Amino acid sequence: MFPELAKAYTPQEIEPRWARAWVEQRLFQADAASPREAWSLVIPPPNVTGSLHMGHMLEHTLIDMVVRWQRMQGKNVLWLPGTDHAGIATQMVVERALAEQGQERKAMGREAFVEAVWGWKRQSGDRIQEQMVRLGASCDWSRARFTLDEGLSRAVREVFVRLYEEGLIYRGRYIVNWCPRCQTAVSDLEVTHEAETGKLYQVRYAAAEQPGEYLTVATTRPETILADVAVAVNPADGRYRGWIGRQVRVPLTGRTVAVIADEIAQPEFGTGAVKITPGHDPNDFAVGERHHLPQLVVLDETGHMSGEHAGAYAGLERFAARKRMVADLEGAGLLAGVADHGLALGRCQRCRTVIEPRISTQWFVKIAPLAEAAVEVVEREEITFTPENNRGIYLGWMANLHDWCISRQLWWGHRIPAWHCAGCGKMVVAREAPAACPGCGGGMEQDADVLDTWFSSGLWPFSTLGWPEETADLKAFYPTSLLITGFDILFFWVARMILLGVHFTGQVPFREVYIHALVRDADRQKMSKTKGNVIDPLVVTEKYGTDAVRFTLAAMAAPGTDIALAEERMAGYAAFANKIWNAARFIFLQLNQAGAGAPAGSPAELRAEGGNAVDRWIFSRLNAVAASLNRSLGEYRFHEAAETLYHFFWHEFCDWYLELTKRREDKAVAAANLAAGFEGALRLLHPVMPFVTEELWQALYAGAAPHASIALAPFPAAALDAADAEAERAMARLQAVVTEIRSLAAKANAAPGFAVRWSGEDGGLEWEQVRALTRAGATAPVERIEGHLHRGRAAGMELQLAIAGDAEAERGRLAKERAGLAARLATARAKLANEGFRQRAKAEVVAETERLAGEYERELRQVEAALGALPEA
RNA sequence: GGGCGAUUAGCUCAGCUGGUUAGAGCGUCUGCCUUACAAGCAGAAGGUCCACGGUUCGAGCCCGUGAUCGCCCACCA
C-alpha cells in the first residue's frame, strides 16, 4: 500500500529533514579514484563573516541545478564548497563589532586582534554552511576549504615566492590608491568612480621675479598646493611659451617652483596650466619621474595635513584644510575663480571614503607577462563564456592592465612571505621563515603587510585541490568543468584565476564560465539594507519552501538580464510544489485501488508498458521534455528548463493525463504507466526542486528504492523510439475537440450533461474520453448540421451543442471568425503565390503553409455554411 | 570620454540560427466545492513588439539614426 499523504504539502517539515539526511549520508561525496567521468566545480567562496543573501541563493541554485543534473548523468561530480577570509571586508566587520564592545584594534595588538577574528570566523563559517545545507546545496562537505587553511596558505606562499623568483613580483615606492579610513593601499579595482559635482578652483601663482605677473592654474584639490613642485604648460601652447623655465611662487608658501613644459597640460582644459604634485596625484607622479622632480608629502595616512610642508595647516583634516586654504587664498587675492565641476571621484569600494593617492612602499605583480597566456586560452576558446559578451569584456580588460598592487596594510590575511633584517636591511623572500639574516646573521622580521584577498582566491580552483602537491584530487578534478559566478567579480576573481591558474598549472582553471544576473527587488531596485528592500533567503524559504524559491530563481534566470524578484512568483511556485504533492496523492490512490506496486527500477529511458494511445502520448512527451531539458541545462538556459517543467507537469501531465486516467477501464495497466510516468517526471524535476521530489520518490518506492536517493538515480535521457508522433497527433485531436466543446459550453452556459453533435471525419477520436473531459452527456454523429446554434470546429470536424441560444450573438461571433479566417487564408495564399518564398524558404515551412491554407479554406466554408444556416433575426 | 545591455499584454518577463494565428506567470473578467489539489478546475478579454528609415519574397528578430532607462570601464588637473 502506498502511503496516504497529508492533504497539503508542508515544505517547512519536509525540507529540513532531507537537508540533514543528505549530509548525514554523505551522499554528495566525490571519489577521486572513481573510473567514471569527472565533473567538478568550485564554489565562489562567500565572505566568511557575511551571511548569505539572495544573490548567493541564486548562485547556489543555478550551481546546484547543474551539479545535480550532471550527477544524475552518472558523472563523478564534485562541488567543492568553502569560504573566503575576505581580508578588508572581514577586518572591517570585526572592527565594528569590537568597537561596540569598546575595544579598538590597535590597542588590542595584532595577535589578539587576529585571534578575535578567528573566533568570529568559526561562528560565522558554521552558519554559512548551515544555510547552504538548508537550501539543498549538494556539496561535498568533506572537501570544504577556507582560504586561510594551512594547505591553501602554503599554496599562497609557493605562488608568491615563485613569482618573486621569476621577477614577476616586485616591491617599490610608488603612488597607490590609499583609503585614509581603512588605512591601507587598495588596487585600482577597489576604487569606484561615480560622477559627482565638485569645484574647480583657479589659483594664481605669482611670477617669482616679476611681482604682479601671475600664472593661473586650475585645481580640484587646493590643499595639495602645499606639495606642488612645478607648474606645467603644454609646449605647443603659445600663450605660455614665455613662461617655460621661469619660477613661480607656490601660493601660501615661500617656496618657488619652475614652470616646465609637459604634454600633460592640455590647452583646452581650465587655464591650460597645471600644478604638478607628484606626492598626491598619480599623473603628476609620472610627470615628476620624467622631470626628476622631488616628491613632497603634506597628507598622512589618515588624510590629515602633516609634515614640514603642511605649515599652518598641519593637523587639519584634508577637507577642512581645503576650506581654510580656499579662504586664505581668497584673502590673499590669489583665488581667480571657482566653478562647479563635474568629476568622477574615486571612492573606496568598502567604505565609500574618498581615495587619497599616496606614495608608499608596496608589493606589485607584473601583469603583462601573465596576461598573454590568459588572453590566449580565451581566444582559443579553451575557456568559453555564457553569456558570450563577457568574453569581449574580459579580453578588453586584459588588453589594458596595470600592475596589481597586492600588499595591504591590514592584519587579517596571508602575511607576505618576506623577511627584513633590522641590522643590514637585507630582504629575504622564502617559503619558510629564515632562521637568521643570510647577510649579517642578525634577526629577521616578517613583512608587516598581508596580501590582497584576491591573491589567494585567485588560486582557489587548484589550491583547494591540494596544489602544489600532485594530489589525486588535483589529477581527478582539475581543470574544473564550470564556474558560475556574478559579473561583479569578473575582473577581481575570474580574471585572476585565469592569470594565475594558467601560469602555475599550465592548464585553464575551468573550461566554462557562466555569469549570472543580479537579483533585484520587485521594482528593479538593488537590494540594500539602507533601502530596507532586502529579501532574506531564509525568510522566504521558510514561507514558501526552498523548492519554490529555487524554482522562482531558476525561472527568472534568463542569461544576461537582471532578476526582479517578486513574492507573488514564489507563491505561484509554492502552489506548483503543492500541485506535485497532490498529483502524488491522486496517483497513490489510483495505485492502491489497482493494487499496484512500486515502479520497476528507475530507468534512464522512459517507455510506456502496454497501455493505450494516451499512455504512449505521455511517454512521448516525457521523452521530448527530457530532450529539451538536457539541451536547456547544457546551454545554461535555466529559465527555459523551469518553464518546460512547469508547463509539462501542470498542463500536460496533470490537466490531461491524470484527468484521462480517471475513467479508464484498464486500471492495472494504467496504474503501472501512471507510476512509471510520475517517477520519470520526479527525476526531471529533481535538479530544480530537490526536496519535494525526494520525499515523493521515496514514498513511491516505500523504502525499497533502487538508489539511496533520487539524486543518485539517472536523469532521463531521450529515448528516440519512445517518441510517438501518431499518439501525439491523436492527443492533439482530442485536445482540440475537447477545448472547443468546453469553449462552446461556456458560451452557451450549458449545464453538465449537454449533448454534442458532430459531422465530418473524427479520425478515430475516442468520444468516451471527450465526454469524460467535457461533462457532455452524449455525443452523436450527424450527416449535416443545420439550423442550430453554438457551433464550433476542431480537428476538421464541425461540432454543435444542442442548446438554444442567442442567434444575433452567434452571428456576430461567426462573422468575426470568418473575417479572421479570411485574413489568414489571404496571407497564406499570398505567401504561396510568392516566388521568393517558394524558392528560398525551407521545405517544411512551405509544406506547413500549404497545409494551413487548405485548413483555413475548409474552415471558412464551414463558417459560411453555419452563418447561412442561422435562423433569421 | 569610451564600451555594453535593455525597451514585447495592466505588471514581471520569454521569444535561441528571420518563416504557422508573437507566448508564459501574475493580475483582470465569467462560470464551477467535477470524489488529488479552491494553493484548485474550465472559459474569456487584453499587444500599432520605443520611433523613424533601410535590407529582404518575408522583420519582434538583421542594418542605420534617434529617444528613454540601466550597467561597466577611464589618471583631463
Side-chain angles (χ1 to χ4, degrees), chain A residues 5 7-9 175 188 193 200 217-221 224 232 264-266 268-271 273-277 281-286 341 343-344 346 357 387 389-390 392-393 396-397 400 402 487-488 490-491 518 522 524 555-556 558-566 568-569 571-590 631-632 635 637 639-640 643 646-647 654-655 658-659 662 739 742-747 749 752 773-775 820-821 823-824 827-828 830-831 833-842 844-846 848-849 851-852 855-856:
Chain A
L5 300 173
K7 208 161 157 59
Y9 176 54
I175 192 153
D188 293 347
H193 297 269
L200 187 64
V217 309
T219 180
T220 54
R221 294 191 300 156
T224 63
I264 191 168
Q266 295 182 17
E268 322 81 58
F269 189 91
T271 61
V274 55
K275 67 192 212 57
I276 300 300
T277 321
D281 183 279
N283 291 316
D284 296 3
F285 182 83
H341 179 60
L343 73 167
N389 64 322
N390 290 290
I393 297 174
W397 188 76
N400 189 11
H402 297 183
F487 180 79
D488 52 338
L490 180 62
F491 303 140
L518 200 68
R524 323 209 105 260
M556 309 210 61
T561 44
D562 285 349
I563 293 173
L565 192 61
E568 298 90 77
R569 291 298 288 263
Y573 293 120
F576 182 51
N578 190 52
K579 185 80 182 174
I580 300 171
W581 182 262
N582 276 296
R585 290 180 65 207
F586 173 75
I587 289 164
F588 289 177
L589 204 71
Q590 300 297 307
R631 198 188 56 239
S632 333
E635 292 170 4
R637 301 175 65 81
H639 68 292
E640 200 176 84
E643 196 181 314
Y646 184 89
H647 182 264
C654 290
D655 287 353
L658 291 195
E659 288 305 323
K662 290 180 178 174
T739 303
R742 281 171 176 167
S743 176
L744 290 174
K747 281 192 197 87
N749 202 9
L773 293 171
T774 57
R775 308 174 75 196
L821 276 168
R824 272 176 246 156
T827 309
K831 249 188 196 178
N834 183 324
E835 279 292 302
F837 175 70
R838 285 206 171 271
Q839 283 167 12
R840 264 163 283 187
K842 283 183 209 145
E844 314 94 81
V845 176
V846 177
E848 182 63 11
T849 309
R851 194 188 66 73
L852 280 169
E855 196 168 294
Y856 295 152

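This structure is a prediction, so every number in the text was calculated from the model and none was measured. As a basis for the values below, the full set of heavy atoms in this structure was taken, side chains included, without hydrogen atoms, waters or symmetry mates. Below, read A as the first sequence line, B as the second, and so on, with proteins coming before strands; counting in each chain starts at 1.
A salt bridge does not link A:Arg838 to A:Glu835: none of the charged side-chain nitrogens sits closer than 4.0 Å to a carboxylate oxygen.
Ring geometry for A:Phe576 versus A:Tyr646: interplanar angle of 30 to 60°, hence tilted.
Between the C1' atom of B:C16 and the NE2 atom of A:His639 lies a distance of 8 Å, rounded to the nearest Å. Rounded to whole angstrom, the span from the CD atom of A:Gln839 across to the P atom of B:G19 amounts to 20 Å. Summarising the geometry, the separation between CG on A:Asn578 and C1' on B:C41 is reported as 15 Å, rounded to the nearest angstrom. Per the geometry, CH2 belonging to A:Trp581 stands 15 Å off P belonging to B:A38, to the nearest Å. Remark: P of B:C71 and CH2 of A:Trp397 are 22 Å apart, rounded to the nearest angstrom. The separation between A:Arg838 atom CZ and B:C57 atom C1' is 12 Å, rounded to whole Å. Between the OH atom of A:Tyr646 and the P atom of B:A39 there is a distance of 14 Å, rounded to whole Å. Rounded to whole angstrom, the span from the CG atom of A:Leu589 across to the P atom of B:C37 amounts to 9 Å.
The pairing partner recorded for B:U17 is none, the criterion being a Watson-Crick or G-U wobble arrangement whose two distances lie under 3.5 angstrom. Of all nucleotides present, only B:G54 satisfies the Watson-Crick or G-U wobble test against B:C62, with each distance under 3.5 Å. Across all strands shown, the partner of B:A24 is B:U12, judged by Watson-Crick or G-U wobble contacts whose two distances both fall under 3.5 Å. Pairing for B:C69 is with B:G5, a Watson-Crick or G-U wobble pair whose two hydrogen-bonding atom distances lie under 3.5 Å. Base pairing annotation: B:A42 forms a Watson-Crick or G-U wobble pair with B:U30, both donor-acceptor distances under 3.5 Å. For B:A36, there is no paired nucleotide, since no Watson-Crick or G-U wobble pair has both relevant distances below 3.5 Å. The pairing partner recorded for B:G47 is none, the criterion being a Watson-Crick or G-U wobble arrangement whose two distances lie under 3.5 angstrom. Nucleotide B:C76 forms a pair with no other nucleotide shown, judged by Watson-Crick or G-U wobble geometry with both contacts under 3.5 Å.
Going from the P atom of B:G54 to that of B:G23 covers 29 Å, rounded to whole Å. To the nearest whole angstrom, the two C1' atoms, one in B:U48 and one in B:A9, are 13 Å apart. Using atom C1' as the reference point in both B:G19 and B:A59, the two lie 10 Å apart (nearest Å). Distance noted for atom P between B:G60 and B:U21: 12 Å (whole Å). For the C1' atom pair drawn from B:A67 and B:U30, the interatomic distance equals 41 Å after rounding to whole Å. Atom P of B:U17 sits at a distance of 12 Å from the matching atom of B:C61, rounded to the whole Å. For the C1' atoms, the distance from B:A77 to B:G3 is 25 Å, rounded to whole Å. B:C63 and B:G25: their P atoms are spaced 32 Å apart (whole Å).
Nearest to the side-chain atoms of A:Glu640 among the listed nucleotides B:C16, B:C37, B:G43 stands B:C16. Closest to the A:His193 side chain, of the nucleotides B:G19, B:A77, B:C75, is B:C75. Checking B:G43, B:A77, B:C75 against every side-chain atom of A:Thr739, the shortest atom distance belongs to B:G43. Closest to the side chain of A:Glu643, from the set B:C16, B:A24, B:C75, is B:A24. Taking every side-chain heavy atom of A:Tyr856 into account, B:U21 is the closest of B:U21, B:A14, B:A36. Taking only side-chain atoms of A:Asn834, from C-beta outward, the nucleotide of B:C57, B:G43, B:A77 with the closest atom is B:C57. Candidate nucleotides B:C26, B:A36, B:U12 were compared by shortest atom distance to the side chain of A:Met556, and B:U12 ranks first. With distances taken from any side-chain atom of A:Lys662 to the nucleotides B:G43, B:G31, B:A36, the minimum falls on B:A36. For A:Lys831, taking side-chain heavy atoms from C-beta onward, the closest of the listed nucleotides B:G19, B:A77, B:A44 is B:G19. Nearest nucleotide to the A:Lys579 side chain, out of B:A39, B:A36, B:A44: B:A36.
A:Thr849 approaches A:Ala828 most closely through the heavy-atom pair CG2-O, 4.1 Å. The heavy-atom pair separating A:Ala555 from A:Arg569 by the smallest distance is CB-NH2, 4.3 Å.
Residue contacts shown for A:Lys7 are limited to sugar-phosphate atoms, with no base heavy atom under 4.0 Å away. Using a 4.0 Å heavy-atom distance criterion, A:Asn400 is classed as making no nucleic acid contact. Heavy atoms of A:Ala584 sit nowhere under 4.0 angstrom from any nucleic acid atom. Across all strands shown, A:Ala265 has heavy atoms under 4.0 Å from base atoms, whether or not it also approaches the sugar-phosphate. At a threshold of 4.0 angstrom between heavy atoms, the contacts of A:Arg742 are confined to the sugar-phosphate backbone, with no base atom among them. Among the heavy atoms of the strands, none lies under 4.0 Å from A:Ala566. Contacts of A:Ile393 with the nucleic acid, taken as non-hydrogen atoms under 4.0 Å apart, are absent. No contact: A:Thr827 has no heavy atom under 4.0 Å from any strand. Counting any heavy atom pair closer than 4.0 Å across all strands shown, A:Thr220 reaches sugar-phosphate atoms only and no base atom. Among the protein residues, A:Leu658 comes within range of the nucleic acid bases, having at least one heavy atom under 4.0 Å from a base atom. Among the heavy atoms of the strands, none lies under 4.0 Å from A:Phe576. Counting non-hydrogen atoms under 4.0 angstrom, A:Tyr573 reaches nothing in the nucleic acid.
Contact of the A:Asp281 side chain with the A:Arg221 side chain is registered, since non-hydrogen atoms from C-beta on lie closer than 4.5 Å. Taking 4.5 Å as the limit, some side-chain heavy atom of A:Leu200 sits within range of a side-chain heavy atom of A:Phe269. Residues A:Arg824 and A:Leu852 fail the side-chain proximity criterion, which asks for heavy atoms closer than 4.5 Å.
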| Trace of the side-chain contact (heavy atoms from CB on, under 4.5 Å) decision for A:Arg742 with A:Leu773 | CA-CA 9 Å; A:Arg742 281 171 176 167; A:Leu773 293 171; 4.0 Å; yes
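For A:His341 and A:Glu835, each mapped to the nucleotide of RNA chain B holding its nearest heavy atom, the one lying further toward the 5' end belongs to A:Glu835. Toward the 5′ end of RNA chain B lies the nearest nucleotide of A:Ala841, the other residue of the pair A:Asn283 and A:Ala841 mapping further downstream.
A sub-4.0 Å separation between OP1 or OP2 of B:G15 and a side-chain N or O of A:Arg637 is present. For the OP1/OP2 pair of B:C26 and a distance below 4.0 Å, the side-chain nitrogens and oxygens of A:Arg569 include no atom meeting the criterion.
Residues A:Lys747 and A:Ser743 bring a donor and an acceptor atom of their side chains to less than 3.5 Å of each other.
Taking CD of A:Glu568 as the start and OH of A:Tyr573 as the end, the distance is 12.0 Å to the nearest 0.5 Å.
Contact of A:Glu659 with B:A36 (side chain to base): a donor-acceptor pair of N or O atoms is detected under 3.5 Å.
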